[in-house]
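Just follow the structure's listing: the first ligand is 1, and inside any ligand the first atom is 1. Heavy-atom basis, side chains included; hydrogens, waters and symmetry copies ignored.
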Amino acid sequence: MRTINTLFLTGSHFNPDQEELATLAALFPQIQLTSVSMLDYTPQHIQQAQIIVGLPKAQDLKLATNLRWLQTPSSGVGQYVDPTLYAADPILLTNARGTYGKQIADHIIGMIIAFNHNLLRYHDQMKAKLWKRYFPTKDLWESTLLIIGLGDIGNQLAVRAKAHNLRVLAVKRTKTEKPAWVDELGTEDDLEAFLPQADYVALCAASTSQTEHLLDAKRISLLPHGAFVCNIGRGNLIDEEALVEALQSGHIGGAGLDVTTVEPLPFDHVLWTLPNVLITPHASGLSPSDPHQVFSLFLQNLALYLEEKPLINLVDFTRAY
Ligand SMILES: NC(=O)C1=CN([C@@H]2O[C@H](COP(=O)(O)OP(=O)(O)OC[C@H]3O[C@@H](n4cnc5c(N)ncnc54)[C@H](O)[C@@H]3O)[C@@H](O)[C@H]2O)C=CC1
Ligand SMILES: O=C(O)C(=O)COP(=O)(O)O
């Protein structure tokens, strides 16, 4: 049996335990496994691997002369969709779409409720032992949420928003049939009509050349005064300078940011200082089950790879996600 050099780059979303490694060895004895932390790999590790599961630095893929398949534990693969990165061509690129939707949708709902019910203000007031009451901005069930990017995360969010009786508008790259949990579905062409209706906007789109600054200064100005913007996709989906200005002027009432243009957000960045901003450190996707989910996705894909069948979550280099 020919062995297949496989490299696991372990990290927060992919960290197989002993039981999982034993399953892999029992089911696929041809896999010659090297497992190393994503922070500690060497050029030799990359050079030898036919399969990599993890997030190697994109520029290191030039060293990957034996690579046939890269499975990422992330859903976003913006850094890997440039075909000129690869020493070997063509390679199969698969992502972990489908393992993040539920926990990130919960995180966004948490941010929306924290903003609407003034929880951040009350938390600040606690430090001064201050007893002062505020009305919520508007009842959630009288409000509208616009979801930009109706993929796995966007759909999970829409389902949860419907449970709170929000009206849900959504846009995606191409128009398809409207799911029952969305009230109106459109594409980027509909943003000008949708934005003025949105009390809340959630950025859940893939980061591509088309979605860079999808929410720019002009589109931000179309939002109603006091709207709340939540970004869990990638920092470059929104013009961050325009966002800061709109937050400072009060045109945007608040923002929940799990992602920023530069990560970690620099120590001296103004976003750290704005009272109406909640920053989480690219943490919305963390869940106890996701390292296991990515491993089981890899096992399913490995069986397909060995049978030369189409892989799950194959990334399309032309649409870039
Ligand atoms: N904060 C975090 O920890 C995480 C962030 N992400 C980010 O969220 C993104 C979405 O994740 P999933 O829902 O799992 O991916 P997905 O592949 O299911 O969804 C991507 C969505 O982007 C939309 N899109 C692409 N181009 C568009 C355009 N021009 N206009 C409007 N919509 C467009 C697509 O229509 C699709 O609905 C990822 O690409 C990643 O960047 C994903 C997982 C974790
Ligand atoms: O899946 C994604 O795209 C993510 O953003 C997940 O977070 P990560 O960058 O893998 O820590």
remark   = Sorted by chain and residue number, the residues with a non-hydrogen atom under 4.0 Å of ligand 2 are His13, Leu55, Ser74, Ser75, Gly76, Tyr100, Arg234, His282
task = For Gln44, look at atom CD and say whether over 12 heavy atoms of other residues, nucleotides or ligands are found less than 6.0 Å away.
result =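 No, CD of Gln44 has 12 or fewer neighbouring heavy atoms, counting only those of other groups under 6.0 Å.
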inquiry  = Around atom CD of Glu263, are there more than 12 heavy atoms from other residues, nucleotides or ligands closer than 6.0 Å?
reply    =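 Atom CD in Glu263 is crowded, with more than 12 foreign heavy atoms closer than 6.0 Å.
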ask   = Checking Asn118 side chain against Arg121 main chain: does a donor-acceptor pair fall under 3.5 Å?
value = no
key: Joint cluster assignment, Ile232 & Tyr321, ILVMFWY side-chain distance < 4.5 Å   = no
message = Ring centres under 6.0 Å, that's the criterion: do Tyr122 and Tyr134 meet it?
response =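 That pair passes the under 6.0 Å test.
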query = Taking atom types as modelled, is there a side-chain donor on Thr65 or Gln47 under 3.5 Å from an acceptor on the other?
reply = yes
remark   = Distance col, row Thr261:OG1 vs Asn236:CG, nearest 0.5 angstrom, shows 7.0 Å
task = Report all protein residues having a heavy-atom distance below 4.0 Å to some atom of ligand 1; order the list by chain, then number.
result =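 Under the 4.0 Å cut-off, ligand 1 touches Ser75, Gly76, Arg97, Tyr100, Ile104, Gly149, Leu150, Gly151, Asp152, Ile153, Lys172, Arg173, Cys204, Ala205, Ala206, Gln210, Thr211, Ile232, Gly233, Arg234, Asp258, Val259, His282, Ser284, Gly285, Tyr321.
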ask   = Does Arg219 come within less than 4.0 Å of Glu192, counting only side-chain N to carboxylate O?
value = yes
key: Atom of Ser74, atom of Leu55 and distance for their closest heavy-atom approach   =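 Residues Ser74 and Leu55, closest heavy atoms: OG-CD2, 3.5 Å.
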